[in-house]
Amino acid sequence: MSAVINAPVFADVPVREFQPGPAGTQITIRGLTKYFAGWPLYEDFNLDIPKHKIVSVFGPNGCGKSTLINMIAGLVPIDAGEILFDGKSLKDTKIGYVFQNYREAMFPWMRTIDNIAYPLKLEGRSKAEVDRRMAELVASFDVKFDLNRYPYELSGGQQQTASIMRALANNPEVLFLDEPFSALDFEMTLFIREKLQEVFMQTGTTMLLVSHDLEEAVYLADQVLLLTKRPTRVAEILPYNDVRPRTVDTLSEPGFISTKKLSLEIFQSEVRR
Ligand SMILES: Nc1ncnc2c1ncn2[C@@H]1O[C@H](COP(=O)(O)OP(=O)(O)OP(=O)(O)O)[C@@H](O)[C@H]1O
Ligand SMILES: [Mg+2]
């Protein structure tokens, strides 16, 4: 009987070297693969997310927008691939995350101020450091409500403001936001959108924003990342370079209108595919 050599299953798959992104890349995603219940959501997905920019993620329902940012943020495990932050792993990177549902995002037994300071306390910061950072945050968000109240005593917009403050408390390199405005009324949406833009202009924090509102996605973005239906690929990355701060006048600027139109055309062709 001749000997059978059991070759490893992946013997023929060449080992690919990690290809870094271009200069100025914050997040590099290579060969990302994710299956749910045997069905591919992402297969060999590659993406470079630039540093100090806001990238809006837009795509058909269920294409994996939330899963994508959750995999990058380490909240959902990946099946294969590599995600690096400026060459580092997630554990060596400070990130912040703003959840869609602000009602479930805060610890209800802690006063709002303690919720916001929580990431600083986790880092073991001294009381003086915590107080200094809290004062900075209060000034930069121009907070008019009482942070000594419990989250459930605040309005939705105030709670979402507080959760954004908490996400930014320890100066993260990357801020993830999954539909942060979708549970807010129109007035609060406008308010928080402007706050986010102000914070971005002050700090340059890289932001990855999932939005189901195309106008909002383009308004805040330096890049609009358009995704396909699953198995999900990048349909297009549209740059949008209008000056900041963007204002109500931005909405009638030719660059804004054309970026929105092009995004919509790409989205529609993906949905109809
Ligand atoms: N834990 C899970 N188990 C099984 N399937 C899942 C799980 N999480 C997500 N999915 C599936 O993966 C796909 C992508 O989900 P995801 O929530 O990332 O999409 P999305 O683009 O954020 O959708 P929406 O536009 O509704 O917010 C969907 O088909 C969803 O049903
Ligand atoms: Mg989602």
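Just follow the structure's listing: the first ligand is 1, and inside any ligand the first atom is 1. Throughout, residue positions are numbered sequentially from 1 according to the sequence presented.
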Checking a contact table here: which protein heavy atom is nearest atom 20 (P) of ligand 1, and how many Å away? Lys65 N, 3.5 Å

side-chain hydrogen bond (donor to acceptor under 3.5 Å, both in side chains) between Asn171 and Arg133, worked out: CA-CA 9 Å; Asn171 291 307; Arg133 180 64 184 138; 3.1 Å; yes

Can you list the ligand 1 atoms lying under 4.0 Å from a non-hydrogen atom of Gly64? 14 (C), 16 (P), 18 (O), 19 (O), 20 (P), 21 (O)

May I ask you to check if any N/O/S atom from Ser66 comes under 2.8 Å of the Mg ion (ligand 2)? yes

Residues two or more places apart in sequence or in another chain: which of them pass salt bridge (charged side-chain N to carboxylate O under 4.0 Å, His left out) with Asp249? none

Which ligand 1 atoms, with their elements, are less than 4.0 angstrom from a heavy-atom of Ser66? 17 (O), 18 (O), 20 (P), 22 (O)

Among all protein heavy atoms in this structure, tell me which lies nearest to atom 28 (C) of ligand 1, with the distance rounded to 0.1 Å. Gly62 O, 3.5 Å

Which class fits the ring pair Phe58 and Phe267: parallel under 30°, tilted 30 to 60°, perpendicular over 60°? tilted

Heteroatom proximity flag, Cys63 to ligand 1, N/O under 3.5 Å: yes

Is the contact between Arg230 and ligand 1 made by the side chain, the backbone, both, or neither, using heavy atoms and a 4.0 Å cut-off? side chain

SB check Lys88 Glu173 (cutoff 4.0 Å): yes

Glu265 bridged to Lys261 by N-O distance under 4.0 Å: yes

Lys/Arg cation over aromatic Tyr219: Arg193, 6.0 Å, 45° cone: yes

Check Arg30, Gln19, Gln26 against Asp48 for a side chain to side chain donor-acceptor pair (under 3.5 Å) and give me the one that passes. Arg30

Write out the residue and atom name of the closest protein heavy atom to atom 18 (O) of ligand 1, then the distance separating them to 0.1 Å. Thr67 OG1, 2.5 Å

For atom 3 (N) of ligand 1, what is the closest protein heavy atom, and at what distance to 0.1 Å? Phe36 CD2, 3.5 Å

Ranked by distance from atom 27 (O) of ligand 1, the top protein heavy atom is Glu179 OE2, 3.8 Å

Parallel, tilted or perpendicular: rings of Tyr152 and Tyr150 (30°, 60°): parallel

Is there at least one protein heavy-atom neighbour under 4.0 Å from atom 8 (N) of ligand 1? yes

